[in-house]
Amino acid sequence: MSITSNLQHIRTTIPANVKLVCVSKFHSADAVLQAYNAGERIFGESRVQEFLKKRVLLPQDIQWHFIGHLQTNKVKFIVPFVNLIHTVDSEKLLTEINKEAAKTGKIIDCLLEVHIAQETSKYGFLPNELIEFLAAKIWAEMKNIRICGLMSMATFTDDTAQICNEMHTLKQLFDRVKNEFFADCQYFTELSMGMTYDYKIAITQGSTIVRIGSAIFGERV
Ligand SMILES: *Cc1c(COP(=O)(O)O)cnc(C)c1O
């Protein structure tokens with residue numbers, strides 16, 4: 001199956017109000033261009049060096065989302081080029097993004113990453129840490145970032161009931177956070193959840209952004 005036909009199929013499974021991030025990590029600029037020519041404009045990368053190399057080869061109107069674990073010392077390299085950072089998992093990282101964004105006069109849209117999966121290796125705020133972090137309101141003083149929602153990865157399992165439960169928990173957390181901290185905020189709207197193996201469940205659970213790689217580009221090599 002070609003990238004174009006993969007996308008044609010996937011597009012039929014995603015409602016118009018859900019954004020598709022084409023996850024192009026480990027795939028070539030040429031592969032990105034094929035998806036671009038099929039009409040896609042939002043691409044996701046998870047490694048800083050790979051992202052920087054690829055973006056210079058590609059059209060300017062691509063919206064780049066950063067979806068990998070981000071180290072504070074690499075923030076400055078991506079801030080000029082990124083549209084949305086999905087993976088803010090600490091106050092330290094958010095502070096650094098704000099600082100670098102201020103230098104370039106940009107306002108960077110960010111999602112807070114929440115840890116809901118069972119695997120211990122995944123990053124993100126635990127739900128209670130997230131509430132504590134938001135309640136402290138330090139983020140509210142940061143003028144060059146906007147917190148636009150939450151992001152998470154469910155456990156990698158074929159137990160769909162478990163995935164469904166985790167995503168439901170995340171949606172409830174999203175609703176709570178929106179009510180408690182962002183009730184008057186126009187832009188706290190995004191819930192980034194769902195990948196190739198679980199995006200259809202994610203959509204039923206209220207996802208607004210799905211991040212799909214392998215189903216578009218094939219297995220990563
Ligand atoms: C790689 C990756 C994806 C895409 O995974 P696929 O299974 O290839 O769809 C989505 N989200 C994150 C955070 C990723 O690292």
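In listed order, ligands and their atoms are each counted from 1. What you are looking at is a predicted structure, and each value in this text was computed from that prediction instead of being measured.
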Visitor: Taking 4.0 angstrom as the limit and counting only heavy atoms of I212, give me the atoms of ligand 1 inside it, by number and element.
Guide: 9 (O)
Visitor: May I ask you to identify, for M151, whether its side chain, its backbone, both or neither come under 4.0 Å of ligand 1 on a heavy-atom basis?
Guide: side chain
Visitor: Give a yes or no on whether the ring-centroid distance for Y187 and F182 is below 6.0 angstrom.
Guide: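 No - the distance between ring centres of Y187 and F182 does not fall below the 6.0 Å cut-off.
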Visitor: Distance under 4.0 Å to a non-hydrogen atom of G213: what atoms of ligand 1 satisfy this?
Guide: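 So the answer, numbered in order with elements, is 4 (C), 6 (P), 8 (O), 9 (O).
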Visitor: Please say whether R211 places an N or O atom under 3.5 Å from an N or O atom belonging to ligand 1.
Guide: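 Right, the criterion is met.
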Visitor: Measure up the F43 and W64 rings against each other and bin them: parallel (under 30°), tilted (30 to 60°), perpendicular (over 60°).
Guide: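 Answer is tilted, since the angle falls between 30° and 60°.
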Visitor: Answer yes if the side chains of Y199 and T13 hold a donor-acceptor pair under 3.5 Å, and no otherwise.
Guide: yes
Visitor: Salt bridge or not between K53 and E45? Use side-chain N to carboxylate O under 4.0 Å.
Guide: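 E45 and K53: not salt-bridged.
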Visitor: If you measure only the distance, is there a donor-acceptor pair under 3.5 Å linking the side chains of E190 and T208?
Guide: yes
Visitor: Would you mind checking which non-hydrogen protein atom is closest to atom 5 (O) of ligand 1, with the distance to 0.1 Å?
Guide: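 The protein heavy atom lying closest is M195 CE, 3.4 Å.
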Visitor: Where's the contact between S214 and ligand 1, heavy-atom distance under 4.0 Å: side chain, backbone, both or neither?
Guide: both
Visitor: For atom 1 (C) of ligand 1, grab the closest protein heavy atom and report residue, atom and distance to one decimal in Å.
Guide: K25 NZ, 1.5 Å
Visitor: Contact between ligand 1 and H86 is defined here as a heavy atom of the residue under 4.0 Å from a ligand atom; is it met?
Guide: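 Judged by the 4.0 Å heavy-atom criterion, H86 does not count as contacting ligand 1.
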Visitor: Would a hydrophobic clustering, with Ile, Leu, Val, Met, Phe, Trp and Tyr connected at side-chain separations under 4.5 Å, put I138 with L94?
Guide: yes
Visitor: Identify the closest protein heavy atom to atom 9 (O) of ligand 1: which residue and atom is it, and at what distance?
Guide: T196 OG1, 2.5 Å
Visitor: Looking at Q205, E166, M167, which hits side chain to side chain contact (heavy atoms under 4.5 Å, CB included) with D198?
Guide: M167
Visitor: Which heavy atom of the protein is the closest neighbour of atom 13 (C) of ligand 1, given with residue, atom name and distance?
Guide: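 Going atom by atom, the protein heavy atom closest to atom 13 (C) of ligand 1 ends up being I67 O, 3.4 Å.
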